[in-house]
Amino acid sequence: LLDLNLPDSRGVETVQMCRALIDAPVIVLTGLDDLAANQAAIQSGAEDYLSKGGEAKYLHKALLYAMLRYQRDTDMRRATAVLTQSYDGIMITNAAGVMVEVNPALCRITGYSAAELLGHNPRMLSSGRHDQRFFASLWRDVLDKGAWQGELVNRHKAGHLYYVDESITLCRNGAGRIQQFIAVVSDITERRAAQEALQRNNTLLQGILDSIPVALCAFDQDLNLIAKNGLYQSGLDLPDHLFQPTPVSFERILQFQIALGEFGSGDQREIMAERLSQIRQGLALQYERTRPNGTVLDIRSAPMPGGGFVTT
């Protein structure tokens with residue numbers, strides 16, 4: 001900025017107008033050598049204030065330093081924005097483990113204000129659900145590997161428990177000494193509750209399936225097994241390893257049974273093709289099949305809405 005006084009603005013108003021128009025450092029180079037004007041220009045957002053008539057090297061140095069300071073300040077503003085606007089909780093502790101910086105999200109998650117957290121060890125959030133061996137392993141990973149990630153059960157200020165997914169990262173200075181630890185915390189309490197509810201429903205459903213007095217299995221539209229009861233596996237002598245890893249395809253189970261002669265002694269590929277064709281047509285089927293041990297099975301299969309089928 002070559003002068004504070006322009007046709008459409010004067011004094012610090014000129015600096016303020018420049019700051020509003022551009023995202024760049026502003027240096028004032030003017031013939032007005034006045035301390036009050038100097039201070040006013042700096043306070044309004046200028047990086048430096050120089051009087052005209054000085055040597056070029058001082059201007060060059062001022063430009064260089066202004067750009068370096070501006071980049072540093074820009075990086076700090078970005079870091080501050082991340083800290084304050086992040087939905088995840090963030091805490092920074094010093095090398096001794098004392099909290100020196102926390103963000104609003106961490107206050108929301110823990111129920112404590114920043115004033116209540118700062119200056120204290122994160123142990124104040126502990127629920128007592130994790131033993132010393134757990135924390136010994138945690139800090140061994142942090143110190144040996146530089147980071148740890150996992151789930152914790154903490155206690156809210158109000159007294160209730162909550163679940164978090166937390167990552168802890170160790171930061172060292174240029175000399176290699178520990179400078180600080182940074183923890184990023186996500187509240188997963190609702191997700192855990194949903195998972196536990198789903199698990200309870202799955203357990204209930206499996207109990208219902210196992211109480212049915214006939215063998216039952218269900219496959220989805222991709223012909224992958226989605227449900228079975230105990231009689232299906234035990235009654236057909238299907239080994240545990242057949243159901244690992246998941247997903248388990250109908251074709252895999254069928255191939256196992258054909259290899260054992262469950263569908264007669266014909267050509268295995270033809271038997272496979274015929275059975276797959278019947279299933280893919282989506283038709284209801286009812287037939288009897290005699291196993292190699294002489295047991296006669298009454299098999300009924302029905303298509304499901306959206307694809308797939310159920311067989312008893």
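For reference, positions follow the sequence shown, starting with 1. Note that the structure is a prediction, hence the values are computed from the model and not measured.
- With hydrogens and angles left out, the side-chain atoms of Asp165 and Gln149 include a donor and acceptor closer than 3.5 Å.
- Under the 4.5 Å side-chain heavy-atom criterion for Ile, Leu, Val, Met, Phe, Trp and Tyr, Met124 and Leu161 are members of distinct hydrophobic clusters.
- Around CD of Gln132, the count of heavy atoms belonging to other residues, nucleotides or ligands within 6.0 Å does not exceed 12.
- From Ser277, atom OG reaches atom CE of Met272 across 13.0 Å, with rounding to the nearest 0.5 Å.
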Original post:
Would Gln233 and Asp240 count as a side-chain contact (heavy atoms from CB on, under 4.5 Å) if you check the C-alpha gap in whole Å, the side-chain angles of each, and the deciding distance to 0.1 Å?
Top reply: CA-CA 8 Å; Gln233 184 173 349; Asp240 291 337; 2.5 Å; yes
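- Of the possible donor and acceptor atoms, one in the side chain of Thr203 sits under 3.5 Å from a partner among the backbone N and O of Gln199.
- For the pair Leu236/Gln257, a side-chain contact is recorded, criterion being any heavy-atom separation below 4.5 Å from C-beta on.
- Residues Arg155 and Ser127 share a closest heavy-atom pair of NH2-O, 3.5 Å.
- Within a 6.0 Å sphere centred on CZ of Phe134, heavy atoms belonging to other residues, nucleotides or ligands number more than 12.
- Under a hydrophobic-cluster definition in which Ile, Leu, Val, Met, Phe, Trp and Tyr are linked whenever side-chain heavy atoms come within less than 4.5 Å, directly or via other members, Met304 and Leu209 are assigned to the same cluster.
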Subject >> Audit row: Phe263, Glu274, side-chain contact (heavy atoms from CB on, under 4.5 Å) steps and yes/no >> reply: CA-CA 11 Å; Phe263 291 87; Glu274 180 182 359; over 6 Å; no
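- One distance of note links OH of Tyr65 with NE2 of His60; it measures 10.5 Å at 0.5 Å rounding.
- Across every non-hydrogen atom of Pro25 and Ala66, the tightest pair is CB-O, 3.9 Å.
- Not a single side-chain contact (heavy atoms from CB on, under 4.5 Å) links Gln221 to another residue, sequence neighbours left out.
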Subject >> Derivation and outcome, side-chain contact (heavy atoms from CB on, under 4.5 Å), residues Leu225 and Arg252 >> reply: CA-CA 10 Å; Leu225 182 68; Arg252 178 181 176 182; over 6 Å; no
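- By the neighbour-count criterion of 12 heavy atoms within 6.0 Å, atom CD of Glu190 is sparsely surrounded, having that number or fewer from other residues, nucleotides or ligands.
- Here the closest non-hydrogen pair linking Cys107 and Ser113 is SG-C, 3.8 Å.
- Residues Thr110 and Glu116 fail the side-chain proximity criterion, which asks for heavy atoms closer than 4.5 Å.
- Residues Val153 and His130 come closest through the heavy atom pair N-NE2, 2.9 Å.
- Minimum heavy-atom separation, Leu238 to Leu242: CD2-CD2, 4.0 Å.
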Subject >> Residue pair Asp141, Lys145: steps toward the salt bridge (charged side-chain N to carboxylate O under 4.0 Å, His left out) verdict >> reply: CA-CA 5 Å; Asp141 281 353; Lys145 302 176 183 178; 3.7 Å; yes
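- Results of the side chain to side chain contact (heavy atoms under 4.5 Å, CB included) test with Tyr232 over Ile253, Thr311, Asp210 single out Ile253 as the only residue that passes.
- The number of heavy-atom neighbours closer than 6.0 Å to CZ of Arg300, taken from other residues, nucleotides and ligands shown, is 12 or below.
- Under a hydrophobic clustering in which Ile, Leu, Val, Met, Phe, Trp and Tyr are joined whenever their side-chain heavy atoms come within less than 4.5 Å, directly or via other members, Leu297 and Phe250 fall into the same cluster.
- A donor-acceptor pair shorter than 3.5 Å can be found between the side chains of Arg275 and Gln278.
- Here the side chain of Asn229 pairs a donor or acceptor atom with the backbone of Leu216 at under 3.5 angstrom.
- Val164 and Ile168 fall within the same hydrophobic cluster, where Ile, Leu, Val, Met, Phe, Trp and Tyr residues are linked whenever their side-chain heavy atoms come under 4.5 Å apart, directly or through other members.
- In this structure, the side chains of Leu125 and Leu117 come closer than 4.5 Å at one or more pairs of heavy atoms.
- Side chains of Leu260 and Pro292 form no contact here, defined as non-hydrogen atoms less than 4.5 Å apart.
- Residues Tyr112 and Met91 are members of one and the same hydrophobic cluster, defined by side-chain heavy-atom contacts under 4.5 angstrom among Ile, Leu, Val, Met, Phe, Trp and Tyr.
- For the pair Arg177 and Gln179, the minimum side-chain heavy-atom distance is 4.5 Å or more.
- Interatomic distance, Ile109 CD1 to Asn154 CG, rounded to the nearest 0.5 Å: 10.0 Å.
- Interatomic distance, CD1 of Ile271 versus CZ of Arg269, reported as 11.5 Å (0.5 Å rounding).
- Using a distance-only test at 3.5 Å, with no hydrogens or angles considered, a donor-acceptor pair links the side chain of Thr189 to the main chain of Tyr163.
- A donor-acceptor pair shorter than 3.5 Å cannot be found between the side chains of Ser86 and Asp88.
- A cation-pi contact links Arg108 to Tyr87, judged by a cut-off of 6.0 Å to the six-membered ring centre and 45° from its axis.
- Between Arg200 atom CZ and Leu204 atom CG the span is 11.0 Å, to the nearest 0.5 Å.
- Applying the side-chain contact (heavy atoms from CB on, under 4.5 Å) criterion to Leu170, with sequence neighbours excluded, gives Val142, Leu143, Arg172, Ile178, Phe181.
- Between Phe309 and Phe219, the two ring planes are parallel [angle under 30°; tilted spans 30° to 60°].
- By the side-chain contact (heavy atoms from CB on, under 4.5 Å) test, Val214 is found to be paired with Ile212, Thr312, residues two or more places apart in sequence or in another chain being considered.
- Asn293 places a side-chain N or O within 3.5 Å of a backbone atom of Thr295 that can act as its donor or acceptor partner.
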Subject >> Step-by-step side-chain contact (heavy atoms from CB on, under 4.5 Å) determination, Glu166 to Trp148 >> reply: CA-CA 8 Å; Glu166 182 167 337; Trp148 174 87; 4.3 Å; yes
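- Minimum heavy-atom separation, Pro122 to Thr93: CG-CG2, 4.0 Å.
- Between the OG atom of Ser265 and the CD1 atom of Ile258 there is a distance of 12.5 Å, given to the nearest 0.5 Å.
- The aromatic rings of His160 and Tyr162 lie perpendicular to each other, with more than 60° between the two planes, well past the 30° mark.
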